[in-house]
Amino acid sequence: MEFFSTNNPASRVDLREAVLTGLPADNGLFMPERLDPMPDSFFRDLRNMSFADIAVAVSNHLLGDSLPQSVLEPLVREAINFDAPLVQLGDSDKYILELFHGPTLAFKDFGARFMARLMGHFVKDSEKELVILVATSGDTGGAVARGFYQTPGIQVVVLYPEGKVSALQEKQIAALGGNIHPYKVAGTFDDCQALVKQAFLDTELRDRIWLTSANSINISRLIPQSFYYFRAIQQLPEGSPAPVFVVPSGNFGNLTAGLIAQKLGLDIAHFAAATNDNDIVPQYLASGTYSPRLSVATISNAMDVGSPSNFVRMQALFHQSHEDMSSAIDGFAYNDGQTKESIDELWSKYGYIADPHTAIGYLAAMNVSSKWAHHPKVVLSTAHPAKFPDTVEEVIKRPVDLPKELAELSTLPVLSKSIGVKFEGFKEELLHIFA
């Protein structure tokens with residue numbers, strides 16, 4: 001398998017280069033050169049497979065000509081060692097796919113753990129250390145920090161917007177120390193993401209430091225995110241129609257992974273992209289005009305993205321056709337007041353405690369076109385509600401139990417350093433530490 005740049009489909013690299021460089025030199029994003037459907041035998045056996053078996057089969061289908069089975073299978077089984085259970089809401093046609101059962105209680109654990117092990121394999125014999133740059137609006141930073149913590153030969157730099165992540169998210173990002181270097185940026189997530197992208201395009205930095213990314217701009221993040229779409233369908237009642245997947249969306253990596261799963265032959269009826277006031281993609285789907293802008297802060301902070309990186313991958317999958325994309329995906333956007341009402345409804349009606357992102361997904365599921373009335377709606381739940389205690393507890397009027405993974409972090413100090421949004425200052429910091 002080779003990977004092409006969305007800015008130049010003729011430019012191809014192998015898996016190792018795609019993963020370790022993260023971003024093509026032309027500032028596009030890497031995509032697999034082909035997405036052939038999984039064999040019929042896989043789908044016949046799907047209902048009887050373990051989640052790890054599914055992950056191994058999909059990985060081998062995509063990457064089996066790039067890595068030997070003896071390397072790939074144990075890597076995948078070690079990374080995907082927790083489940084993604086499907087929870088039905090009462091006797092309705094709506095389901096919650098819980099993606100928060102990994103070590104940092106967020107769906108980002110799937111991608112981060114897979115990527116950490118893949119990169120660890122690729123750098124194990126290198127004399128030079130690899131420096132990973134990652135921007136986060138919330139959960140990505142914690143998942144990457146935990147996934148790469150104490151990985152030999154790898155250093156991690158995490159940028160997050162100061163004052164715009166929850167207290168527990170900040171602890172997950174910035175309390176580990178060791179090979180994890182956290183920076184709080186006096187700006188927005190978009191500023192953090194811009195610093196990362198500028199770093200990759202800076203020739204002096206790339207000459208002096210071995211850089212890569214762990215954001216969803218890195219293709220190794222997207223591949224494992226496709227696994228749980230197969231796991232979701234496996235858990236639906238036998239004979240169910242193809243589902244509508246409702247995806248809380250910020251940088252749109254999660255939805256792109258679902259589109260990849262669909263290309264691999266998974267029977268998905270439709271997608272709904274659910275977001276907050278940062279409604280750039282829903283507006284594009286409605287109008288055909290893509291107008292990125294500065295992000296605004298909301299209580300669903302992982303979706304506070306004004307220029308979604310993975311939009312160019314979505315365009316590549318739909319061959320730049322607005323008509324094709326808008327026929328496959330509906331867009332929805334909700335404000336903070338509506339999000340709180342949704343948290344309340346999920347609790348009062350079903351006894352289900354949801355984080356703000358899942359609550360937005362539920363709102364979209366309630367508003368999916370009647371065309372899909374007879375299809376199950378599967379909402380991807382991206383984070384544990386305990387990561388957003390202020391918002392959730394205010395609404396449901398009761399404490400949310402703190403999982404031990406978060407309780408252990410709560411007493412640790414935050415180790416991050418404050419920086420501004422100017423690239424030159426960030427560049428000097430990187431050169432000082434790593435060059």
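Computed over heavy atoms, backbone and side chain alike; hydrogens, waters and symmetry mates excluded.
By the side chain to side chain contact (heavy atoms under 4.5 Å, CB included) test, A57 is found to be paired with M38, F42, M49, residues two or more places apart in sequence or in another chain being considered. H322 meets the side-chain hydrogen bond (donor to acceptor under 3.5 Å, both in side chains) test with no other residue; sequence neighbours excluded. Evaluation of the side-chain hydrogen bond (donor to acceptor under 3.5 Å, both in side chains) rule for N310 yields S216, R313 as partners, not counting sequence neighbours.
Here CD1 of I54 is found 11.5 Å from OG of S59. Values are rounded to the nearest 0.5 Å. Here the straight-line distance linking atom CE of M115 with atom OG of S213 works out to 7.5 Å at 0.5 Å rounding. In this structure, the separation between OG on S326 and OH on Y284 is 7.5 Å, given to the nearest 0.5 Å. Remark: Y350 OH to Q88 CD distance equals 9.5 Å, nearest 0.5 Å. Interatomic distance, L211 CG to L20 CG, rounded to the nearest 0.5 Å: 11.5 Å. Annotation: the span from T212 atom OG1 to L23 atom CG amounts to 9.0 Å, rounded to 0.5 Å.
Contact of the L75 side chain with the R117 side chain is registered, since non-hydrogen atoms from C-beta on lie closer than 4.5 Å. Counting heavy atoms from C-beta outward, I219 and P32 have side chains that approach closer than 4.5 Å. Within the 4.5 Å cutoff, no side-chain heavy atoms of K108 are placed close to those of V144. The closest side-chain heavy-atom distance from V58 to Y229 is not below 4.5 Å. Using a 4.5 Å cut-off on side-chain heavy atoms (C-beta onward), D304 and F189 make no contact. At a threshold of 4.5 Å between non-hydrogen side-chain atoms, the residues D344 and E341 do not count as touching. In this structure, the side chains of T136 and Q169 stay at 4.5 Å or more apart for every pair of heavy atoms. Side-chain contact check for V281 versus P308: some heavy-atom pair is nearer than 4.5 Å.
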Practice problem: Dump the intermediate steps for side-chain contact (heavy atoms from CB on, under 4.5 Å) on L259 and I329, then the final yes or no. | Solution: CA-CA 10 Å; L259 295 170; I329 307 168; 4.3 Å; yes

Item to complete: Quick one: do N60 and E73 satisfy side-chain contact (heavy atoms from CB on, under 4.5 Å)? Show the steps, please.
Response: CA-CA 8 Å; N60 191 55; E73 180 166 349; over 6 Å; no

Could you walk me through whether D83 and R231 pass salt bridge (charged side-chain N to carboxylate O under 4.0 Å, His left out), step by step?
CA-CA 9 Å; D83 202 6; R231 175 68 173 137; 2.9 Å; yes

### Message
Between R113 and F82, is the side-chain contact (heavy atoms from CB on, under 4.5 Å) condition met? List the steps.
### Response
CA-CA 11 Å; R113 288 172 61 81; F82 53 94; 3.7 Å; yes

Hey, mind stepping through L89 and I96 against side-chain contact (heavy atoms from CB on, under 4.5 Å) and telling me if it holds? CA-CA 7 Å; L89 294 176; I96 305 290; 3.9 Å; yes

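For residues 259-275, every residue pair satisfying the side-chain hydrogen bond (donor to acceptor under 3.5 Å, both in side chains) rule, not counting sequence neighbours, is listed here: H270-D330. The side-chain hydrogen bond (donor to acceptor under 3.5 Å, both in side chains) analysis of residues 251-261, with sequence neighbours excluded, yields the pairs Q193-N251, Q225-N254, Y228-N254.
In this structure, S370 contributes its side chain and A373 its backbone to no donor-acceptor pair below 3.5 Å. Under the 3.5 Å distance criterion, the side-chain polar atoms of T298 are left unmatched by any main-chain donor or acceptor of D336. Side-chain atoms of H384 come within 3.5 Å of backbone N or O of A386 as a donor-acceptor pair. Distance alone, capped at 3.5 Å, places no donor-acceptor pair between the H61 side chain and the P39 backbone. Between the side chain of R47 and the backbone N or O of Q234 there is at least one donor-acceptor pair closer than 3.5 Å. Judged by distance alone, with hydrogens and angles left aside, the side-chain atoms of K387 form no donor-acceptor pair with the main-chain N or O of D355 at under 3.5 Å. Put simply, the side chain of E323 never gets that close to the backbone of S327: no donor and acceptor are under 3.5 Å apart. Distance alone, capped at 3.5 Å, is enough to place a donor-acceptor pair between the Q172 side chain and the T104 backbone. Side-chain atoms of D109 never come within 3.5 Å of backbone atoms of A143 as a donor-acceptor pair (strictly under, hydrogens ignored). Under a 3.5 Å cut-off, the side chain of K171 and the backbone N or O of L412 do form a donor-acceptor pair.
Counting only N and O atoms by type, the side chains of S5 and N8 include no donor and acceptor under 3.5 Å apart. Counted by atom type alone, S295 and N278 present zero donor-acceptor pairs between their side chains at under 3.5 Å. Side chain to side chain, S416 and Y160 meet the donor-acceptor criterion of an N or O pair below 3.5 Å. Side-chain N/O atoms of E345 and Y362 include a donor and acceptor closer than 3.5 Å.
The two residues G420 and L195 have their closest heavy-atom pair at O-CD1, 4.1 Å. Taking each heavy atom of G28 and N7 in turn, the nearest pair found is N-ND2, 3.3 Å. Across all non-hydrogen atoms, the minimal contact from A333 to Q338 is O-OE1, 4.5 Å. Shortest non-hydrogen contact noted between H375 and P241 is ND1-CB, 3.8 Å. Across every non-hydrogen atom of A354 and L346, the tightest pair is CB-CD1, 3.6 Å. In plain terms, the two heavy atoms of A359 and S342 that are nearest each other are O-OG, 2.7 Å.
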Listed pairs under 3.5 Å, donor-acceptor, residues 396-404 side chains, sequence neighbours left out:
from	atom 1	to	atom 2	distance (Å)
K397	NZ	E394	O	2.9

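For F51 and F230, the ring centers are positioned 6.0 Å apart or more.
For L201, the CG atom is densely surrounded, since the number of other residues' heavy atoms within 6.0 Å is greater than 12.
Between Y334 and F332, the angle of the ring planes stays under 30°, which puts this pair in the parallel group of the 30/60° scheme.
When the options V244, L86, I233 are evaluated for a side chain to side chain contact (heavy atoms under 4.5 Å, CB included) with V378, the one that passes is L86.
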